[in-house]
Amino acid sequence: MTAPIALIDCNNYYVSCERAFDARLVGVPVIVLSNNDGCAIARSAEAKALGIKMGDPIHHLRDKVRVHGIRVLSSNYTLYGDMQRRVVAACEAFARDFEIYSIDETFLDLSGFEDRDLVAHSRAMREQVRLWTTIPTCVGIAETKTLAKLANAVAKKDRRFDGVADLRDDDARHDVMQAFPVENVWGVGGATARKLNALGIETAGALRDMPMKQARAVGTVVLERLVAELRGVPSNAVEKVEPQRKGMAVTRSFGTPVTTFDSMMGALSQYAMRAGEKLRQHGLVAARLTTFFHTNRHKPERPQYAGSRTIVLHPMTNDSLELIAAARRGAERAWRDGYAYTKAGIMLDDLVASDMRPRTLFEGDADKRDRLMDALDQINGRFGKWTAVTASQGFRREWKLRSEMRSPAWTTSLAEVPTVSAL
DNA sequence: TCTGGGGTCCTAGGACCC
DNA sequence: TCTGGGGTCCTAGGACCC
């Protein structure tokens, strides 16, 4: 008997976080926009009922927003990240181990809890989360992560389950899988779904019953493992320790298109600065930095250009000033005049823990630089992001992104904590 | 006419996820 | 006018080696 796995998933997470601090958002349609206020990335149940889809561009929704009085918010990742810690803390006593899978989903290893009524156990956990954060959740229980995902999806959609679905039993999951569209299975995207449909495979049940060899031919080892998971054979473990990350990126769309090299370097310097901060937070150094920028791909009638260059960082580094210098070298090589750039970014690859990095003969004043970076992080951490900047970041920042409807930092900034008055 | 048979490493790109 | 920002894993194919 394999250990039970649960997936707890927050409902309409970003909207639920916003509602935790603004009761006026409860019971009305609400959407939260992507960075740069571009498209809808979270919708309340009321907004979903109005036909608003994930990723709908806001400028296509103006009429609906007006007619139905939809509340529109910019995203507030500081708030959502902080609320996530609280959600996970509320679950802590209910599982032996965890894998935080995304900002609103956590896999739980329930081994050691098998002798309990796991549905009641999960209900108690949901209640705890709701009590500490007000956030509504659903829970799926099964023998593998893929089945727990599926269980979670039906717990959310099918009212009979009332928010908690336990599909460990073969009989319990048979009917559910026969009715579950194959394109909604975790790991089956558009391309794979089309291939499977062409073979007459349209449900999770049919995918489970597909021959392994055929699965491999259609979707490589990835699909083969997925089929095993649907059969209740784990091939994707709950990762209890956070795996070493392999790359990281800081990329943004611009509020206004960028046409000059100096302005582009302003943005790239800012991203490289942030990338350095992220590396240092995680105790990592990078071996390669890629700079890229491109024009608006949604406007094929305009002149298009996409440039990118990769610079090898030798020695490996997490020094923001060196990252900026590398970003500049890459940008100089990739730059073309005469285009309106709408997005740019920095990607770092081949990350290694900084105490494991190979030493070289030419490191010079590495310690001094480390202390400078420490000081920079502390100043900006304490007094705000834009306190200490490099000259290349510039001061005009016409490229900075739009975020016109962002809620306050309710939980992470003393200046913005909510005030409550009692009469 | 006809041009070996392995390896490894690296990169680009596809597919998928939230 | 206006379309997010992160990540992961896998494969194919080229460069290079013996």
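Letters go in sequence order (proteins before strands), and every chain restarts at 1. Here the structure is a predicted model, which is why all the values come from computation and not from measurement.
Ion pair A:Glu277/A:Arg274 flagged as a salt bridge, since at least one NZ, NE, NH1 or NH2 atom sits closer than 4.0 Å to an Asp/Glu carboxylate oxygen. Salt bridge status for A:Arg173 with A:Glu143: present, with a side-chain N to carboxylate O gap under 4.0 Å. For the pair A:Arg19 and A:Glu46, the salt-bridge criterion is met [side-chain N within less than 4.0 Å of a carboxylate O]. In this structure, A:Glu105 pairs ionically with A:Lys149, as a charged nitrogen and a carboxylate oxygen lie closer than 4.0 Å.
Residue A:Glu99 contributes atom CD, which lies 16 Å from atom P of C:dG7 at whole-angstrom precision. In this structure, the CG atom of A:Leu223 is 18 Å from the P atom of C:dC9, given to the nearest Å. Following rounding to the nearest Å, A:Met347 (CE) and C:dT8 (P) show an atom-to-atom distance of 12 Å. In this structure, CZ of A:Phe254 is placed 13 Å from P of C:dG4, rounded to the nearest angstrom. When the C1' atom of C:dG4 is taken as reference, atom CG of A:Leu61 falls 15 Å away, rounded to whole Å. In this structure, CD of A:Glu224 is placed 18 Å from P of C:dC9, rounded to the nearest angstrom. Protein atom CG of A:Asn296 is 6 Å distant from nucleotide atom P of C:dC2, rounded to whole Å. At whole-Å resolution of the value, CZ in A:Arg297 and P in C:dG4 are 11 Å apart.
A:Cys39 SG to A:Lys53 NZ: the interatomic distance, rounded to the nearest 0.5 Å, is 14.5 Å. Between atom CG of residue A:Leu50 and atom CD1 of residue A:Ile31 there is a gap of 10.0 Å, rounded to the nearest 0.5 Å. The NE2 atom of A:His294 lies 11.5 Å from the OH atom of A:Tyr341; values are rounded to the nearest 0.5 Å.
Proximity note for A:Val250 (side chain, C-beta onward) versus C:dC10, C:dG4, C:dG6: the nearest is C:dG6. Counting only heavy atoms from C-beta on, A:Arg252 has its side chain closest to C:dG5 among C:dG5, C:dC2, C:dC10. Closest approach to the A:Ala249 side chain among C:dT11, C:dG4, C:dG6 is made by C:dG6 (side chain taken as heavy atoms from C-beta onward). Comparing atom distances between the A:Ser34 side chain and each of C:dG4, C:dG6, C:dT3 picks out C:dG4 as nearest. The listed nucleotides are C:dC10, C:dG5, C:dT3; the one nearest the side chain of A:Pro57 is C:dT3. In the set C:dT3, C:dG7, C:dG5, the nucleotide with an atom closest to the side chain of A:Lys299 is C:dT3.
Remark: A:Lys246 NZ is loosely packed, at most 12 non-hydrogen atoms of other residues, nucleotides or ligands lying under 6.0 Å away. At most 12 non-hydrogen atoms from other residues, nucleotides or ligands lie less than 6.0 angstrom from CD of A:Glu242.
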Evaluation steps, side chain to side chain donor-acceptor pair (under 3.5 Å), between A:Thr412 and A:Asp82: CA-CA 7 Å; A:Thr412 52; A:Asp82 187 64; over 6 Å; no
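Of the residues near DNA chain C, A:Arg62 and A:Lys278, the one whose nearest nucleotide (by heavy atom distance) lies more toward the 5' end is A:Arg62. Nucleotides of DNA chain C nearest to A:Val222 and A:Thr251 differ in position, and the one nearer the 5' end is that of A:Thr251.
Within residues 80-92 of chain A, no residue has a heavy atom under 4.0 Å from DNA chain B.
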Expected output check: what is the dot-bracket annotation of DNA chain B, where ( ) and [ ] are pairs inside the strand (brackets for crossing ones), | is paired with another strand, and pairs are Watson-Crick or G-U under 3.5 Å? ....||||||||||||||
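Judged purely by distance below 3.5 Å, without hydrogens or angles, the side chains of A:Gln128 and A:Arg123 never pair a donor atom with an acceptor atom. Looking only at atom types and distance, the side chain of A:Tyr80 has a donor-acceptor partner in the side chain of A:Glu18 under 3.5 Å away. Residues A:Ser111 and A:Asp109 have side chains that bring a donor and an acceptor to within less than 3.5 angstrom of each other.
Between C:dT3 and B:dC17, the two P atoms lie 25 Å apart (nearest whole Å).
Across all strands shown, A:Arg245 has heavy atoms under 4.0 Å from sugar-phosphate atoms exclusively, and none from any base. A:Arg288 comes within contact range of the sugar-phosphate backbone alone, with a heavy-atom separation under 4.0 Å but no base atom that close. Contact annotation for A:Gly345: no contact, since no heavy-atom pair falls under 4.0 Å across all strands. If you check every strand for non-hydrogen atoms under 4.0 Å, A:Arg225 touches sugar and phosphate atoms only.
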Between protein and nucleotides 13-18 of chain B, map the contacts as a letter string: B base, S sugar-phosphate only, - none, heavy atoms under 4.0 Å, written 5' to 3'. --SSSS
